[in-house]
Amino acid sequence: MSFDRIAVLGLGKVGRLAATLLHEGGLQVLGVDIQAPTEDLPFECRSGDISDPSVVGELLSSVEAVLSCLPYHLNLNLARAAHLAGIHYFDLTEDVPTTNSIIELSKTARGLMAPQCGLAPGFVGIVGSSLADGFDKCRSIRMRVGALPQHPTGLLGYAFNWSPEGVVNEYLNDCEVIEGGVRKLVSPMEWHETIYVEGVKLEAFTTSGGLGTMCDTMLGKVENLDYKTMRYPGHMDLMNFFFHELLMRDRRKLAGEILTNAKPPVDDDVVYVHVAAEGTVNGSLRRKEFVRAYYPIEISGVRRTAIAWTTSASVVAVIEMVRADLLPSAGFLHQEYIPLEMFLQTPTGSLFKTGAASR
């Protein structure tokens with residue numbers, strides 16, 4: 001079911017870029033934020049209190065789809081409003097309870113309910129599933145992503161280019177895995193390992209939400225499945241000290257404020273993606289890898305950070321496929337059901353082929 005009108009709620013770096021890409025793709029875009037941007041943007045913008053149900057209801061009455069680039073705690077009410085309006089719903093959330101509630105909504109949805117369309121969950125699930133499809137029998141899928149400063153300073157070696165609320169949740173909420181064919185919950189910031197990408201030494205550890213719905217999809221099909229966040233060495237131990245020895249786990253909002261104040265966003269960032277799968281082909285054991293480092297690029301005449309364009313491009317590529325009737329038009333969309341080659345052939349998904357394209 002093709003559509004022409006979409007609202008993008010939340011006009012931070014990711015929301016503004018996603019709205020711009022959708023506009024350039026031929027959609028009529030309505031951008032909404034609590035405070036309308038002062039800069040000139042090529043699409044219509046409005047200010048509005050997204051926490052007000054009457055405001056949301058009025059906004060959704062004039063569109064056929066909505067993309068949420070809002071903090072995770074605002075997504076569920078927006079999804080309910082989209083469900084009531086019978087329109088397509090897309091978001092970037094890594095929050096597991098929010099996604100589980102949206103799955104229930106999707107059972108009676110007239111439009112498509114598509115949460116978790118970002119980088120992780122989202123793109124890495126598409127990659128991981130694609131690698132697994134190359135085996136007669138797959139024994140493991142390991143997915144790792146790190147959004148980091150190119151030039152780290154201090155002991156943490158980090159910069160909050162992503163939502164502090166989202167990062168704190170990922171570090172503190174339990175993590176789903178499949179281990180030895182059994183679906184389990186494990187603690188975050190554990191299962192430490194060392195990884196190298198383009199010669200850069202990184203550490204990886206468990207964090208919540210990155211698998212999306214893959215445990216549901218892959219249970220019984222793969223023996224081992226897990227997701228980890230990548231950081232520069234030493235980060236995990238310091239964050240465990242901060243959250244657990246200093247008891248900041250009990251004060252999540254304050255923890256996010258402290259961390260963001262200490263490590264503000266940077267323009268020169270990098271997104272590392274390391275996805276590997278192992279299995280058998282014609283009886284022989286094989287390993288397949290997708291390893292990339294994505295850097296800032298210019299899109300629409302503006303230099304975009306790596307985390308902004310990879311996240312925006314992930315969801316816009318999915319929207320392009322839905323609009324072209326290449327994906328379902330109703331129900332729930334599992335990211336891992338999306339073919340990687342189809343994703344990479346979309347106008348926006350093609351940015352992932354090199355990470356150096358410009359628009």
Side-chain angles (χ1 to χ4, degrees), residues 1 3 5-12 14-15 18-19 22 27 29-34 46 48-123 125 163 165-166 169-170 173 176 208-217 311-312 314-319 321-323 327-338:
M1 181 175 66
F3 56 94
R5 303 185 307 276
I6 186 169
V8 177
L9 276 55
L11 296 177
V14 170
L22 291 167
L27 279 163
V29 177
L30 171 61
V32 185
D33 205 311
I34 190 68
R46 295 184 196 170
D49 182 1
I50 308 305
S51 63
D52 186 337
S54 63
V55 172
V56 172
E58 181 183 354
L59 288 170
L60 300 191
S61 66
S62 62
V63 297
E64 299 156 292
V66 60
L67 164 60
S68 173
C69 298
L70 299 166
Y72 79 92
H73 65 267
L74 295 174
N75 282 335
L76 184 53
N77 283 338
L78 180 58
R80 287 170 176 155
H83 177 271
L84 182 64
I87 65 175
H88 298 312
Y89 171 84
F90 304 89
D91 77 27
L92 308 169
T93 191
E94 72 287 331
D95 187 62
V96 175
T98 296
T99 299
N100 289 339
S101 296
I102 292 174
I103 290 173
E104 289 301 310
L105 287 173
S106 71
K107 295 176 181 178
T108 55
R110 288 173 286 160
L112 183 67
M113 307 298 287
Q116 303 184 322
C117 292
L119 180 63
F123 177 67
S163 158
E165 290 179 304
N169 263 4
E170 291 172 6
N173 292 348
E176 287 187 302
S208 173
L211 285 180
T213 56
M214 286 191 74
C215 281
D216 289 327
T217 303
T311 304
S312 302
S314 294
V315 67
V316 171
V318 172
I319 293 172
M321 286 185 280
V322 174
R323 194 179 179 217
L327 294 174
S329 60
F332 184 83
L333 179 65
H334 294 261
Q335 299 296 309
E336 59 272 18
Y337 289 174
I338 299 171

Colleague: Given the rule in the side chain to side chain contact (heavy atoms under 4.5 Å, CB included) test, do V8 and C69 qualify, once you have shown the distances and angles that lead to the verdict?
Modeller: CA-CA 7 Å; V8 177; C69 298; 4.3 Å; yes

Colleague: With heavy-atom distances below 4.5 Å as the criterion, would you say the side chains of L60 and L84 are in contact?
Modeller: no

Colleague: Of the non-hydrogen atoms in G212 and E176, which two are nearest, and what is the gap between them?
Modeller: O-OE1, 4.1 Å

Colleague: Begin from the C-alpha positions of L333 and I338 and carry the test side chain to side chain contact (heavy atoms under 4.5 Å, CB included) through to its verdict.
Modeller: CA-CA 9 Å; L333 179 65; I338 299 171; 4.1 Å; yes

Colleague: In terms of relative ring orientation, are H334 and Y337 parallel, tilted or perpendicular, with 30° and 60° separating the classes?
Modeller: tilted

Colleague: Can you tell me how far CD1 of I87 sits from CZ of F3, rounded to the nearest 0.5 angstrom?
Modeller: 10.0 Å

Colleague: Considering non-hydrogen atoms only, spot the tightest contact between L112 and F332 and give its length.
Modeller: CD1-C, 4.3 Å

Colleague: Any side-chain to backbone donor/acceptor pair from D33 onto L11? Under 3.5 Å, distance only.
Modeller: yes

Colleague: Which value, rounded to the nearest 0.5 Å, describes the distance between F90 atom CZ and S314 atom OG?
Modeller: 13.5 Å

Colleague: Could you walk me through whether I34 and D49 satisfy the side chain to side chain contact (heavy atoms under 4.5 Å, CB included) test, starting with their C-alpha distance in whole Å, then the side-chain angles of each, then the deciding distance to 0.1 Å, before giving a yes or no?
Modeller: CA-CA 5 Å; I34 190 68; D49 182 1; 4.0 Å; yes

Colleague: I'd like to check V96 versus S208 (side-chain heavy atoms, cut-off strictly below 4.5 Å). Are they in contact?
Modeller: yes

Colleague: Taking S106 for the side chain and I103 for the main chain, is one N or O donor matched with an acceptor at less than 3.5 Å?
Modeller: yes

Colleague: To check you understand the geometry: which heavy-atom pair defines the closest contact between T98 and L76, and what is its length?
Modeller: CG2-N, 4.2 Å

Colleague: T93 versus Q116: any side-chain heavy-atom pair under 4.5 Å?
Modeller: yes

Colleague: Does R110 use its side chain to pair, donor to acceptor, with the backbone of H88 at less than 3.5 Å?
Modeller: no

Colleague: For T108 and H83, test the side chains for any donor-to-acceptor distance below 3.5 angstrom and give the result as yes or no.
Modeller: yes

Colleague: Looking at every non-hydrogen atom in both residues, tell me the closest pair between L67 and A18 and how far apart they are.
Modeller: CD2-CB, 3.9 Å

Colleague: Please round to the nearest 0.5 Å and tell me the distance separating atom CG of L105 and atom CZ of R80.
Modeller: 6.5 Å

Colleague: Is R46 reaching over with its side chain to a backbone N or O of V32, donor-acceptor style, under 3.5 angstrom?
Modeller: no

Colleague: Check side chain to side chain donor-acceptor pair (under 3.5 Å) between S163 and all other residues, then give those that pass, not counting sequence neighbours.
Modeller: none

Colleague: Do T213 and E336 pass the side chain to side chain contact (heavy atoms under 4.5 Å, CB included) test, and can you show the C-alpha distance, the side-chain angles, and the key distance before you say yes or no?
Modeller: CA-CA 8 Å; T213 56; E336 59 272 18; 2.9 Å; yes

Colleague: Please, which pairs that meet salt bridge (Lys or Arg N to Asp or Glu O under 4.0 Å) have at least one residue in residues 88-107, sequence neighbours excluded?
Modeller: E104-K107

Colleague: With the side chain counted from C-beta on, respond yes when V29 and I6 share a heavy-atom pair under 4.5 Å apart, and no when they do not.
Modeller: yes

Colleague: What residue among L22, V14, L92 forms side-chain contact (heavy atoms from CB on, under 4.5 Å) with S312?
Modeller: V14

